[in-house]
Asks: 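What follows is a structure written as C-alpha cells; I'll ask about it next.
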Amino acid sequence: MLLAFSIAPQTSDQPDGSVSEAVAAAVKIVNESGLPNETTSMFTTLEGEWDEVMAVVKACVEELEKRTPRISLVMKADIRPGYTGQITAKVERVNKLLEQ
C-alpha cells in the first residue's frame with residue numbers, strides 16, 4: 001500500500017507559529033523506518049504492508065504527543081495488493097506519457 005499522510009501539532013510555541021521542528025521529528029521516524037518514503041511540502045508518502053505503514057504513523061503520533069496536546073493527522077491510502085515499487089512507478093508512468 002501507499003499511504004500519504006500529513007501530521008502536525010495544532011499548537012506551536014514558536015513566535016511565527018512554525019511547526020517545522022515537530023514535523024521534522026516525525027519525518028525522522030519515517031526515514032528510520034526503512035520503508036520506501038518521500039516527503040514533499042504537504043505530505044509524506046510511505047510504501048509497505050498495512051501493519052508496517054500504520055506502525056510508522058502511530059510512532060509519529062506518539063512522538064508528537066510528547067510535544068503538543070493536539071495533533072492534526074490527514075491520511076490517504078492506495079491499497080493495491082501484489083504491487084510494490086509504486087511510490088516511484090506511478091510517477092514514472094505519468095512522466096512517460098507526458099514525454100509522448
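Positions are given from 1, in the same order as the sequence printed here.
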Asks: Going by an N to O cut-off under 4.0 Å, is there a salt bridge joining K66 and E62?
Replies: no

Asks: If you take all heavy atoms of A4 and F43, which pair is closest and at what distance?
Replies: C-CD2, 4.0 Å

Asks: To check you understand the geometry: which heavy-atom pair defines the closest contact between L64 and A22, and what is its length?
Replies: CD1-O, 3.5 Å

Asks: Show the nearest heavy-atom pair for residues A26 and I7, with the distance to one decimal.
Replies: CB-CG2, 3.9 Å

Asks: Taking all non-hydrogen atoms of both residues, which atom of A59 and which atom of I29 are closest, and how far apart?
Replies: O-CD1, 3.6 Å

Asks: Going only through I, L, V, M, F, W and Y residues with side-chain contacts under 4.5 Å, is there a path from L46 to I71?
Replies: yes

Asks: Could you tell me the separation between the CD atom of E47 and the CG atom of N37, rounded to the nearest 0.5 Å?
Replies: 10.5 Å

Asks: What verdict does the salt bridge (Lys or Arg N to Asp or Glu O under 4.0 Å) test give for E63 and R67, after you've listed the backbone C-alpha separation in whole Å, the side-chain angles of each residue and the deciding distance to 0.1 Å?
Replies: CA-CA 7 Å; E63 176 60 33; R67 301 163 181 267; 3.2 Å; yes

Asks: Test E38 against every option in L2, V30, I87 by the side chain to side chain contact (heavy atoms under 4.5 Å, CB included) rule and name the one that passes.
Replies: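 Only one of L2, V30, I87 forms a side chain to side chain contact (heavy atoms under 4.5 Å, CB included) with E38, namely I87.
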
Asks: Give, for atom CD of Q100 and atom CG of N95, the distance between the pair rounded to the nearest 0.5 Å.
Replies: 11.5 Å

Asks: Between E49 and E52, what is the shortest heavy-atom contact and its length?
Replies: N-OE1, 2.7 Å

Asks: When hydrophobic residues are tied together by side-chain contacts of less than 4.5 Å, even through go-betweens, does V91 share a cluster with L98?
Replies: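 They do not share one cluster, since no chain of ILVMFWY contacts under 4.5 Å joins V91 to L98.
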
Asks: Working note: V53 + F5, criterion side-chain contact (heavy atoms from CB on, under 4.5 Å); need CA distance, chi angles, decisive distance, verdict.
Replies: CA-CA 10 Å; V53 169; F5 76 105; over 6 Å; no

Asks: Nearest heavy-atom pair of P9 and T68: which atoms, and what distance?
Replies: CB-CG2, 3.5 Å

Asks: Say whether M75 and V23 are linked into one hydrophobic cluster, either directly or through other cluster members, by side-chain heavy-atom distances under 4.5 angstrom.
Replies: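 No: no chain of side-chain contacts under 4.5 Å links M75 to V23.
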
Asks: In this structure, are over 12 heavy atoms from other groups packed under 6.0 Å from Q10 atom CD?
Replies: yes

Asks: Can you tell me how far apart CD (Q86) and CD (E92) are? Round to the nearest 0.5 Å.
Replies: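 Here the rounded value is 9.5 Å.
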
Asks: Would you say I79 ends up clustered with L35 if hydrophobic residues are merged whenever their side chains have heavy atoms under 4.5 Å apart, either directly or through other cluster members?
Replies: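 Yes; tracing contacts between hydrophobic side chains, which count when under 4.5 Å, links both residues.
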
Asks: If you group Ile, Leu, Val, Met, Phe, Trp and Tyr by side-chain heavy-atom gaps below 4.5 Å, do M1 and V56 land in one group?
Replies: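 Yes, same cluster.
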
Asks: Let me confirm one number: the CG-NZ distance from D51 to K58, rounded to the nearest 0.5 Å.
Replies: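 Reported value, rounded in 0.5 Å steps: 11.0 Å.
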
